[in-house]
Amino acid sequence: MTLFERVEQALDSIRPYLQTDGGNVSIEEITADNVVKLKLLGTCANCSMSIMTFKAGLEQAIKKAVPEIVAVEAINITDMNDPNAITPNQL
């Protein structure tokens with residue numbers, strides 16, 4: 001199984017939760033130095049919880065399932081400085 005397929009499989013474990021709320025995620029790129037770049041889709045793209053979803057869900061699932069991934073980045077996540085953003089330390 002390729003690196004891409006393994007990351008996709010990890011995301012598939014999270015997708016039902018995203019889809020319940022009208023969202024999803026796609027892999028935009030896996031760089032040569034094993035950095036995964038994700039794009040949040042649907043309601044996830046502008047949700048105030050997107051930082052939480054990304055950090056506690058997507059990033060953790062990928063790093064657990066595919067340990068050679070060194071970093072996970074979202075290309076369109078809600079900015080941490082957005083007054084509506086909900087971060088992990090707020091829960």
Side-chain angles (χ1 to χ4, degrees):
M1 192 179 300
T2 68
L3 194 63
F4 185 91
E5 290 168 331
R6 291 170 56 216
V7 170
E8 193 69 45
Q9 190 173 46
L11 292 174
D12 283 344
S13 71
I14 302 287
R15 276 199 174 96
Y17 304 105
L18 301 176
Q19 291 168 340
T20 297
D21 293 323
N24 209 334
V25 62
S26 68
I27 301 169
E28 292 298 299
E29 178 185 8
I30 300 176
T31 67
D33 54 348
N34 288 352
V35 174
V36 175
K37 296 190 179 189
L38 301 176
K39 183 174 186 180
L40 299 175
L41 305 171
T43 56
C44 290
N46 56 10
C47 173
S48 63
M49 292 285 290
S50 64
I51 297 166
M52 267 302 295
T53 301
F54 175 72
K55 284 289 182 194
L58 302 170
E59 183 178 46
Q60 246 180 353
I62 291 171
K63 285 185 166 185
K64 183 177 180 183
V66 191
E68 56 268 47
I69 295 300
V70 296
V72 182
E73 300 172 359
I75 63 169
N76 64 331
I77 198 166
T78 300
D79 189 89
M80 288 277 253
N81 297 320
D82 184 317
N84 298 313
I86 298 171
T87 60
N89 59 2
Q90 290 176 309
L91 295 180

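Positions are given from 1 along the sequence.
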Just verifying a value: how many Å separate [X] [atom1] and [Y] [atom2], rounded to the nearest 0.5 Å?
{"X": "Leu40", "Y": "Leu18", "atom1": "CG", "atom2": "CG", "answer": "8.0 Å"}
{"X": "Leu38", "Y": "Ile27", "atom1": "CG", "atom2": "CD1", "answer": "7.0 Å"}
{"X": "Leu3", "Y": "Ile30", "atom1": "CG", "atom2": "CD1", "answer": "4.5 Å"}
{"X": "Ile62", "Y": "Ile69", "atom1": "CD1", "atom2": "CD1", "answer": "7.5 Å"}
{"X": "Leu58", "Y": "Lys63", "atom1": "CG", "atom2": "NZ", "answer": "12.5 Å"}
{"X": "Ile75", "Y": "Glu73", "atom1": "CD1", "atom2": "CD", "answer": "10.0 Å"}

Check: Can you check side-chain contact (heavy atoms from CB on, under 4.5 Å) on Gln9 and Val7, steps first, answer last?
Finding: CA-CA 5 Å; Gln9 190 173 46; Val7 170; over 6 Å; no
Margin query: Can you list everything that forms a salt bridge (Lys or Arg N to Asp or Glu O under 4.0 Å) with Glu8? Sequence neighbours excluded, please.
Written below: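 Applying salt bridge (Lys or Arg N to Asp or Glu O under 4.0 Å) to Glu8 gives Arg15.
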Checklist line | Partners meeting salt bridge (Lys or Arg N to Asp or Glu O under 4.0 Å) with Glu5 (sequence neighbours left out) | finding: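 Glu5 satisfies salt bridge (Lys or Arg N to Asp or Glu O under 4.0 Å) with no residue once adjacent residues are dropped.
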Next item on the list: Would you check, one step at a time, whether the test salt bridge (charged side-chain N to carboxylate O under 4.0 Å, His left out) holds for Arg6 with Glu68?
Entry: CA-CA 11 Å; Arg6 291 170 56 216; Glu68 56 268 47; 2.5 Å; yes
Next item on the list: For residues Val72 and Val35, determine if any side-chain heavy atom of one lies less than 4.5 Å from a side-chain heavy atom of the other.
Entry: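 Answer no - side chains too far apart.
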Next item on the list: Check the pair Glu28, Ser26 against side chain to side chain donor-acceptor pair (under 3.5 Å), reporting the backbone distance first and the verdict last.
Entry: CA-CA 6 Å; Glu28 292 298 299; Ser26 68; 3.0 Å; yes
Margin query: For a quick test of reading the model, state the closest non-hydrogen atom pair linking Ala61 to Ala10 and the distance between them.
Written below: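 Closest heavy-atom pair between Ala61 and Ala10: O-CB, 3.7 Å.
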Check: Under a single-linkage definition using a 4.5 Å side-chain heavy-atom cutoff for Ile, Leu, Val, Met, Phe, Trp and Tyr, are Ile14 and Val36 assigned to the same hydrophobic cluster?
Finding: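 Hydrophobic grouping puts Ile14 with Val36.
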